[in-house]
Amino acid sequence: MYGHTRSRQGIEPSLVAFAVPCHSCIIAPAIGSVGSKGTIGRPGIPMKGAVVTDVANPEAETGSQRSVDALSAERRSKRDSLRDKGIDPYPSRFDRSHTNAELRKRHGDLPADARTGEIVQVAGRITSVRGHGKLVFATLQDVSGSIQLLIPVSNLCEAGAAVLDKSDLGDWVGATGEVIVSKRGELSVELTELQLLSKALRPLPDKWHGLSEAEMRYRQREVDLLANEDTRRVFGIRFKVVSAMRDVLVAEDFLEVETPILQLQAGGAIARPFVTHANALNIDLSLRIAPELYLKRLVIGGFERVFEIGRNFRNEGVDTRHSPEFTALEAYRAFGDYTDGMGLTERLVVAAARVATERMTFTTAGGPVDLTPPWPRQELLGLIEEAAGRRLHPSDPVDDVRSACRDLGVEFEDPWGSGRLIFEIYDKVLLPNMLGPVFVCGFPVEVSPLARHQLTDETLTDRFELVVDAKEYANGYSELNIPEEQEARFRGASAAAAMGDLEAHPSDMAFVRALEYGLPPTSGIGIGVDRLVMLLAEVDAIRDVILFPMLRPESQG
RNA sequence: GCGCCUCUAGCUCAAUGGCAGAGCAACGGACUCUUAAUCCGCAGGUUCCGGGUUCGAAUCCCGGGGGGCGCACCA
């Protein structure tokens, strides 16, 4: 929008090349008055000759380093030769009139050889050049997409021609020209001016194959992003997913809050935390494994609807579905129960899919998944009955449930009670075969230390999990708000921990004290954002939806 | 943590015990409608690191490192 008023400037296109000096030419004397002499020795600016210094450092040299240096030195010397002509290779700003996508939207349906008479200023990175002597084609990529630059070299002033002559793939440039369509029908900007905005000193990956080695894609994500269109697609989806869900929550009067990441005791889930140290207080702290307990304290404080989208940290295994730091959305809503949680979860996921992909059907390893609501809601014990051929219940004697586990080939450990064993059957037998989307409801109290028990059955909770393609995407429940019961569950867990169960939820007496001020009936949900993005972007590694995934230090060779 | 696979030019990949190669990128040149432009020419290597076997190792063996996948834990 900001471009429309400045795009024409009342100049006849045919006159532009001859009558109007380009920006570079205007800039040139200003810099030239300081002169290349004047810029030499300016602090912080790499100068001509720096190449020599770099290459002359024998200690830093390896064979491949020499090769990089050769390509890089070539680019440095091009940049420096522009400086010698009085052209600033790092100008401070550029007035873009349109993004490439805006131009396509305005002029995308013109026939071949059309001219618009509209002068525009575009900016981006050069990703491809096709030279024909006095006519050069280049592809300019900006955040919105690509557009072709059609460059009659004779149109350019001396400075512009120099910039073109010394250009490399990867350079950022700003360009001025008329929007036209080439004879072969490609929407183009026919340049009258070309300005270097920033020089790329390192060579780009293969322009056709891109960057494929996973390690470098993760370590140097910026290169992955600039070289691989699909990577830009995936993260575009990610950003839209997060903002779509935020929009839904804000529209439903939830407040976005921030709670501690550094915690005295990591609670709200069962996981091994990362531990760090606060020098000022001389205490060890854990990085949070979930924001749950703090968010409920905010509901107790009177913020009736709160949510947080943030990073959780779990010091556990790393694989295609688990990252040590991952993003979760948690939302808590006073006066609701777990059925409200299911409704909210459904609205959030559907909005994310609609905004980010404009689709509802997605390909997964297990087959196509249709997210069109409403999603079925099924009772865990009913599903178990179908799979095991017999009714199991958390109140059943442990030995009975153990024998069911043996029949189903489910391994178990001694401290586990009937509830945990039933959950294990679900996790190992049912879950791997579920395509979904489906809400599984009614989990045993034993595996749900923070969830309210059912009115009619004290061994089960009003809790759900959202399952898609054999994985848990969301989890939610009617929050346990009875202080004595919460304390008792914590104590039970502590006892289990004392008996060697590493998977017990730690007691948090500050949270129990908070509950004593009164938590209203509350519905809470948590959604794994990374996994949701994986589903919607149809990628199968969590690293591919995290910009900078955790890796070991780079090998020093 | 265990098992399997992998690492060769800036990038993508060949070469399986016998002279380390191609495409793209770069460099020099031709070219006013290309879009993986084309054509001619030229250059580019510690084959991840260290040891061993061999007349000879990118290739086989041992050890180490990075990465990927699978199993276990976990969401």
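Small disclaimer: the values here were computed from a predicted structure and weren't measured. Proteins get letters first, then strands, A, B, ... in listed order; numbering begins at 1 in each.
- Atom CG in L430(A) sits 11.0 Å away from atom CZ in F423(A) (nearest 0.5 Å).
- Partners of A328(A) by side chain to side chain contact (heavy atoms under 4.5 Å, CB included), not counting sequence neighbours, listed by chain and number: N312(A), F326(A).
- For Y294(A), the side chain to side chain donor-acceptor pair (under 3.5 Å) criterion is met by no residue, not counting sequence neighbours.
- With sequence neighbours excluded, no residue forms a ring pair (Phe, Tyr, Trp, His ring centres under 6.0 Å) with Y473(A).
- Scanning for salt bridge (Lys or Arg N to Asp or Glu O under 4.0 Å) contacts around R232(A) gives an empty result, with sequence neighbours left out.
- For D469(A), the side chain to side chain donor-acceptor pair (under 3.5 Å) test picks out T364(A), K471(A), with sequence neighbours left out.
- Distances shorter than 4.0 Å separate some side-chain N or O of R552(A) from OP1 or OP2 on G67(B).
- Checked against salt bridge (Lys or Arg N to Asp or Glu O under 4.0 Å), E424(A) has the following partners two or more places apart in sequence or in another chain: R420(A), K428(A).
- Backbone-only engagement by E472(A) is indicated by non-hydrogen atom pairs under 4.0 Å involving sugar-phosphate atoms exclusively.
- The residue L150(A) sits close to a base: some heavy atom pair falls under 4.0 Å.
- For Y218(A), the listed nucleotide lying nearest its side chain is G68(B); candidates were A75(B), U35(B), G68(B).
- Distance from the side chain of T320(A) is smallest for G70(B) among the nucleotides U35(B), U32(B), G70(B).
- Side chain of F137(A), nearest nucleotide from G67(B), C11(B), C33(B): C33(B).
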Please list each protein N or O that sits under 3.5 Å from an N or O in nucleotides 25-28 of chain B, with the distance.
from, atom 1, to, atom 2, distance (Å)
A25(B), OP1, K207(A), NZ, 2.9
C27(B), OP1, K78(A), NZ, 2.3

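- Contact check, S212(A) against U12(B): a side-chain N or O comes under 4.0 Å of OP1 or OP2.
- Remark: R314(A), E316(A), G317(A), D319(A) in residues 310-319 of chain A come within less than 4.0 Å of RNA chain B through at least one heavy atom.
- Closest to the E213(A) side chain, of the nucleotides U35(B), C33(B), U12(B), is U12(B).
- Heavy atoms of S182(A) sit under 4.0 angstrom from at least one base atom.
- Taking the side chain of R130(A) as heavy atoms from C-beta on, and the options U35(B), C73(B), A75(B), the nearest nucleotide is U35(B).
- Remark: W172(A) pairs with no residue by the ring pair (Phe, Tyr, Trp, His ring centres under 6.0 Å) rule, at least two apart or across chains.
- Note: K78(A) NZ to D80(A) CG = 12.5 Å, rounded to the nearest 0.5 Å.
- Contacts of G526(A) with the nucleic acid, taken as non-hydrogen atoms under 4.0 Å apart, are absent.
- With a cut-off of 3.5 Å on both pairing distances, the Watson-Crick and G-U wobble pairs of RNA chain B assemble into stems of 3 or more at B:1-7 with B:65-71, B:10-13 with B:21-24, B:27-30 with B:38-41, B:48-52 with B:60-64.
- Taking K105(A) as the reference, nothing meets the salt bridge (Lys or Arg N to Asp or Glu O under 4.0 Å) condition, with sequence neighbours excluded.
- Listed by first and then second residue, the ring-ring contact (aromatic ring centres under 6.0 Å, His included) pairs involving residues 130-170 of chain A are H132(A)-F137(A) (not counting sequence neighbours).
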